[in-house]
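Okay, structure first, notes after.
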Amino acid sequence: MHVIVGVGGGIAAYKVCSVIRHFTEAGHDVRVMPTRSALNFVGAATFEALSGNPVTTEVFDDVDEVAHVALGRQADLVVIAPATADLMARAAAGRADDLLTASLLTARCPVMFVPAMHTEMWEHPATVANVATLRAHGSTVLTPASGRLTGADTGAGRLPEPTEIGLLGDLLLTRPDALPYDLSGVRVLISAGGTREALDPVRYLGNHSSGKQGYALARVAAQRGATVTLVSGAVSEPGAPAALDIVHVDSAVELSSEMNARAADSDVIIMAAAVADFRPVGVAGAKIKKGAEGPAPIALTTNPDILAGLVRSRTAAQIPSSTVIVGFAAETGDADGGVLDHGRAKLRRKGCDVLVVNAVGDGRAFGTADNSGWLLRADGTETGLPYGSKTLMASRILDEVAALVPDR
Ligand SMILES: Cc1cc2nc3c(=O)[nH]c(=O)nc-3n(C[C@H](O)[C@H](O)[C@H](O)COP(=O)(O)O)c2cc1C
């Protein structure tokens with residue numbers, strides 16, 4: 001596929017080199033279009049070497065090829081990172097005074113702006129209006145991360161991590177309408193990852209959950225405009241997604257208390273964490289020694305059923321009746337039934353609105369980038385979730401959620 005990577009004149013321009021590499025390694029034909037000021041930060045030679053294609057900023061180069069029209073037309077995706085305040089202002093106004101902005105006017109593919117700037121610039125009414133205009137034109141404008149900016153400043157305006165830009169770009173390549181800005185004002189609480197049940201100060205009982213599906217849900221919900229709190233157990237994800245609050249927990253009991261504390265202030269609760277059913281009865285105060293007589297049996301006790309508890313709280317009106325509750329079931333078939341039979345039984349048992357069922361075992365679902373499954377609804381209807389990235393699966397699950405959230 002043809003991917004245009006536009007680069008604005010911001011200090012984060014160097015980070016886009018990893019984004020270019022992400023798309024070339026996936027086998028796409030990448031054209032890098034820096035603005036004139038972007039070349040003050042990273043040289044054209046770097047972009048040419050990384051993309052394997054010529055780099056120009058001007059509409060008056062390669063005039064015989066009518067590049068200012070042709071490149072935009074043939075693109076399957078345009079990613080602009082960093083999208084500076086100036087570049088978004090020019091794009092929102094429909095200016096075409098360099099090759100990148102001219103190409104934006106001829107592109108009919110998904111366009112994703114990835115802003116990066118100081119907090120004051122991001123929050124200025126002019127920038128806010130330009131972002132709204134670009135979204136109204138059908139472009140995706142990511143919400144930046146908060147954190148360290150240039151110099152000693154911190155605040156909203158940091159470029160999301162290149163891996164996140166790559167994941168969301170891939171999503172738009174497979175599903176062009178996957179990132180509508182339709183969850184603004186919706187408060188979403190998501191749990192992700194696996195719990196760790198301590199045995200002693202150095203050991204725990206854990207599980208193989210990577211957190212990828214829960215993180216993908218949090219990432220996509222945040223970029224669709226939701227106010228997201230991610231309660232994260234142990235994960236093998238490299239970093240926190242942009243534009244959300246993250247709370248770290250270890251055990252099922254901690255996860256339970258963090259979820260319950262926030263449930264009443266959430267419009268949507270998604271339980272994607274792999275919560276241990278059992279925990280050791282006691283935690284040894286000192287490391288358990290090998291001993292001559294071999295290992296002692298570990299006595300276990302049952303953990304709280306967080307999903308069922310949240311549904312009970314809703315029934316008891318401790319959380320609003322309009323709260324949408326989504327559960328996950330990682331199932332293997334056994335002598336009592338297949339994956340879907342177990343999923344249907346779990347949905348009835350838990351009483352949530354939607355249950356996402358994954359088949360696990362034999363290397364499926366845990367830790368992989370791709371996934372498939374079924375979406376079971378309380379009314380008995382079911383939809384297959386075809387094989388694809390966990391980000392794609394997240395976008396489909398959130399479509400379901402968006403339809404269930406009451407009008408706001
Ligand atoms: C060192 C330095 C860093 C800058 N970083 C940013 C930035 O992160 N975001 C931004 O919007 N503008 C930034 N600017 C200002 C832009 O470079 C300037 O507005 C320029 O006109 C942007 O042009 P463009 O349309 O090519 O992006 C920076 C300027 C300098 C000198």
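Quantities reported herein were computed from a predicted structural model and do not represent experimental measurements.
- The salt bridge (charged side-chain N to carboxylate O under 4.0 Å, His left out) check on Arg73 picks up nothing, with sequence neighbours excluded.
- Between the Ser210 side chain and the Lys212 main chain, a donor and an acceptor come within less than 3.5 Å of each other.
- Between the side chains of His342 and Asp334, a donor-acceptor pair is found at a separation under 3.5 Å.
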CA sep, side-chain torsions, deciding dist, call: Ile80, Met112, side-chain contact (heavy atoms from CB on, under 4.5 Å):
CA-CA 6 Å; Ile80 299 170; Met112 182 169 86; over 6 Å; no
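- For the pair Asp341 (side chain) and Gly338 (backbone), a donor-acceptor distance under 3.5 Å is present.
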Take Val16 and Val19, measure what side-chain contact (heavy atoms from CB on, under 4.5 Å) needs, and give me the verdict at the end.
CA-CA 5 Å; Val16 84; Val19 177; 4.1 Å; yes
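- In summary, the side chains of Thr195 and Glu197 do present a donor paired with an acceptor at a separation below 3.5 Å, with no hydrogens or angles considered.
- By the salt bridge (charged side-chain N to carboxylate O under 4.0 Å, His left out) test, Asp399 pairs with Arg175, Arg224, sequence neighbours left out.
- Scanning for side-chain contact (heavy atoms from CB on, under 4.5 Å) contacts around Ala38 gives Val7, Pro34, Thr35, with sequence neighbours left out.
- The line from CD1 of Ile270 to CD1 of Ile190 is 4.5 Å long, rounded to the nearest 0.5 Å.
- Scanning for salt bridge (charged side-chain N to carboxylate O under 4.0 Å, His left out) contacts around Asp29 gives an empty result, with sequence neighbours left out.
- From Arg314, atom CZ reaches atom OG1 of Thr323 across 7.0 Å, with rounding to the nearest 0.5 Å.
- Using a distance-only test at 3.5 Å, with no hydrogens or angles considered, a donor-acceptor pair links the side chain of Ser313 to the main chain of Gly309.
- In this structure Ala284 satisfies the side-chain contact (heavy atoms from CB on, under 4.5 Å) test together with Asp200, Ile288, sequence neighbours excluded.
- For the side-chain contact (heavy atoms from CB on, under 4.5 Å) criterion with Arg279, the lone passing option out of Ile298, Leu199, Val253, Leu205 is Val253.
- Judged purely by atom type and a 3.5 angstrom limit, Thr106 uses its side chain to pair as donor or acceptor with the backbone of Val69.
- Here Ile11 contributes atom CD1 and Leu159 contributes atom CG; the two are 12.0 Å apart, rounded to the nearest 0.5 Å.
- When atom types are taken as modelled, the side chain of Asn130 and the backbone of Met88 share no donor-acceptor pair closer than 3.5 angstrom.
- Partners of Asp305 by salt bridge (charged side-chain N to carboxylate O under 4.0 Å, His left out), not counting sequence neighbours, listed by chain and number: Lys350.
- Side-chain contact of Asn53 with Ser51: a donor-acceptor pair under 3.5 Å is absent, judged by distance alone.
- In the model, Tyr215 has a side-chain atom that pairs as donor or acceptor with a side-chain atom of Ser232 under 3.5 Å.
- Under the 3.5 Å distance criterion, the side-chain polar atoms of Lys346 are matched with a main-chain donor or acceptor of Phe328.
- Evaluated for a side-chain contact (heavy atoms from CB on, under 4.5 Å) with Trp374, the options Leu385, Val356, Val339, Thr383 yield exactly one hit, Val339.
- Panel note: side chain Glu48, backbone Val55; a donor-acceptor pair is recorded below 3.5 Å.
- A donor-acceptor contact shorter than 3.5 Å links the side chain of Asn207 to the backbone of Ala274.
- Panel note: side chain Ser266, backbone Arg262; a donor-acceptor pair is recorded below 3.5 Å.
- Contact annotation: the side chain of Phe47 approaches that of Leu39 to within less than 4.5 Å [non-hydrogen atoms, C-beta and beyond].
- Residue Glu164 is tested with Lys15, Arg219, Arg158 for a salt bridge (charged side-chain N to carboxylate O under 4.0 Å, His left out); the sole match is Arg219.
- Checked by atom type, the side-chain pair Thr101/Asp98 shows a donor-acceptor distance below 3.5 Å.
- Here Arg377 does not pair with Asp353 in a salt bridge; the nearest charged N to carboxylate O distance is not below 4.0 Å.
- Under the 3.5 Å distance criterion, the side-chain polar atoms of Thr24 are matched with a main-chain donor or acceptor of Ile20.
- In this structure, a donor-acceptor pair under 3.5 Å is absent between the side chains of Asp76 and His28.
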